Amino acid sequence: MGKEKLFLWFVLLAFLPAAAQERKTKNIVLITFDGYRWNELFNGADSALLFDGRFNTQDSSWRIRRHWSSEKTERKRKLMPFFWSEIARKGQLYGNRQEGNKVDVTNRYWFSYPGYNELLTGYPDSAINSNAYPPNPHVTILEFLNRQEGLKGKVASFASWDTFRKILNAERAGFPINAGFQRIAEEEPSEVQQVLNELQYWLPKEYGSGQRQDAMTYVLAREYVKKHQPRVLHLGFIETDALAHSGKYDFYLDAANYNDQMIGDLWTYMQSIPFYKDQTTFIITTDHGRGRGTNWQHHFSTVPHSNEIFLAVIGPDTPPEGEMKTNNHLYQQQIAQTMAALMGFKFENGLPVGEKISTIFFNP
């Protein structure tokens, strides 16, 4: 190559967007807790609730030993070990309002379907005002990514709540959505998938007929990852919300702890194989917050603090800044565009989608 051509090549490189030059994320995993408060994530168990007999079971002494410490650092590490051992060292954690770092929903309702719609479409549609709302008319980030070259057929969602089939519009979406007590339907299911299909039938419907235990959802998702290696995965938990509504604070803590361990297990597995290692980003968040004090069980537009959420990110394109303590304000509607940008795209669905979160990127 001549000197003139070489010079021209470097000039072109200089004007390419940083994302085109250096974006390392090839796969993305979106993980959603349901109704999990930022308070427990950043502070650990709340003593006012953990030691209140109204919100605990008869076997609470074991869980108190498991979750409680008078020292906050130890307490939050006990509850969320993966978040504080890995994400806090290698990723970013947003939403500690005690440090002036805020993450909020912008929809007006502060409950699940409106929250998941905002999260996945980048738009807080006020018309979506019920968990019984019909199939989502808007294109989600998952559907958008499934339409992109190289990602078609490489997107999947596994969720404990059957309403995700409406939130993601299963009839139109074009990718596998396994939600609620739904069997895996494959021509050649693995032995693990066959066992899980049978087990689902026999499991008690603890939270109602449409909410499956998170452990089942997680193992189904992990088996799918091992078998198909999706490039884009959504994993949706439910038990923190279900147990909070039932007033079982110690069980709510258990659910958060197990969800944290599942996330850590999936991250460890993905980092152990070349297809995912050092080229996969996890984004972890929630659909809404909850009230405080004795109002912790509830969430709605009339329940203060239900709009307050958190966001965690870990991956090769994200600076390892840990807990973000800058005075900043992010919004749920920004997550969809951020996911698209990590994968090298601009998310467009005909709506005024929120802007990407630039601090998540080494080179925004």
Side-chain angles (χ1 to χ4, degrees), residues 27-35 105-186 208-212 217 220-221 224-225 228 230-238 241 283 285-288 331-343 345-354:
N27 317 287
I28 197 158
V29 179
L30 172 66
I31 301 172
T32 52
F33 286 74
D34 197 298
V105 306
T106 59
N107 73 80
R108 66 176 68 172
Y109 303 112
W110 307 357
F111 62 91
S112 291
Y113 197 147
Y116 287 122
N117 170 74
E118 179 182 341
L119 167 65
L120 291 161
T121 70
Y123 176 68
D125 187 351
S126 60
I128 298 177
N129 59 4
S130 167
N131 285 341
Y133 194 82
N136 199 333
H138 309 308
V139 172
T140 68
I141 182 60
L142 301 181
E143 185 175 346
F144 169 84
L145 290 173
N146 190 58
R147 294 176 180 179
Q148 307 309 309
E149 185 177 355
L151 296 179
K152 181 69 176 177
K154 294 292 185 180
V155 178
S157 172
F158 285 79
S160 296
W161 189 31
D162 63 356
T163 302
F164 268 102
R165 294 188 59 78
K166 292 193 301 183
I167 294 168
L168 297 171
N169 198 327
E171 293 183 3
R172 189 195 63 214
F175 59 88
I177 300 168
N178 182 280
F181 286 90
Q182 182 182 358
R183 295 166 62 87
I184 287 287
E186 295 189 3
S209 61
Q211 298 182 31
R212 177 174 60 194
T217 298
L220 282 165
Y224 187 90
V225 168
H228 297 287
R231 298 267 317 274
V232 180
L233 176 70
H234 166 241
L235 176 59
F237 296 128
I238 193 66
D241 189 70
I283 293 182
T285 188
T286 187
D287 54 338
H288 56 74
Y331 298 95
Q332 189 177 51
Q333 65 178 339
Q334 295 181 265
I335 295 172
Q337 192 66 267
T338 302
M339 290 176 61
L342 282 163
M343 296 294 285
F345 301 102
K346 181 179 181 181
F347 180 35
E348 295 179 326
N349 61 358
L351 301 169
V353 174

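Note that this is a predicted model, so its numbers are computed, not measured.
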Exercise. Do you know which of Leu233, Val232, Leu235, Ile283 makes side-chain contact (heavy atoms from CB on, under 4.5 Å) with Leu30?
Worked result: Ile283
Exercise. Counting distance only, does the side-chain N/O of Tyr113 pair as donor-acceptor with the main-chain N or O of Asn136 below 3.5 Å?
Worked result: yes
For this session: Report yes if some heavy atom in the side chain of Asn349 is under 4.5 Å from a heavy atom in the side chain of Glu143; otherwise report no.
Result: no
For this session: Mind listing the closest non-hydrogen atom pair of Trp161 and Ala179 along with its distance?
Result: O-CB, 3.4 Å
Exercise. Do we see a donor-acceptor contact under 3.5 Å between the side chains of Asp34 and Tyr116?
Worked result: yes
Exercise. Under 3.5 Å, is there a donor-acceptor pair between the side chain of Gln332 and the main chain of Thr286?
Worked result: yes
For this session: Could you check if a side-chain atom of Arg231 sits within less than 4.5 angstrom of a side-chain atom of Leu145, using non-hydrogen atoms only?
Result: no
For this session: Output yes when a side-chain donor or acceptor of Arg172 lies under 3.5 Å from a complementary backbone atom of Pro137, and no otherwise.
Result: yes
Seminar exercise, completed: ring pair (Phe, Tyr, Trp, His ring centres under 6.0 Å) with His234: of Phe158, Phe164, Phe175, only one passes, and it is Phe164
Exercise. Do Ile177 and Leu142 come within less than 4.5 Å of each other through their side chains, counting heavy atoms only?
Worked result: no
For this session: Find out whether Asp162 and Phe181 are in side-chain contact, i.e. whether some heavy atom of one side chain is under 4.5 Å from a heavy atom of the other.
Result: no
Exercise. Shortest non-hydrogen contact from Gly35 to Asp287?
Worked result: N-OD1, 2.8 Å
Problem set entry | Donor-acceptor contact present, side-chain Glu118 to main-chain Gln333, <3.5 Å | yes
Exercise. Which is it for Gln182 and Arg165 under the side chain to side chain contact (heavy atoms under 4.5 Å, CB included) test, yes or no, and what are the steps along the way?
Worked result: CA-CA 11 Å; Gln182 182 182 358; Arg165 294 188 59 78; 3.2 Å; yes
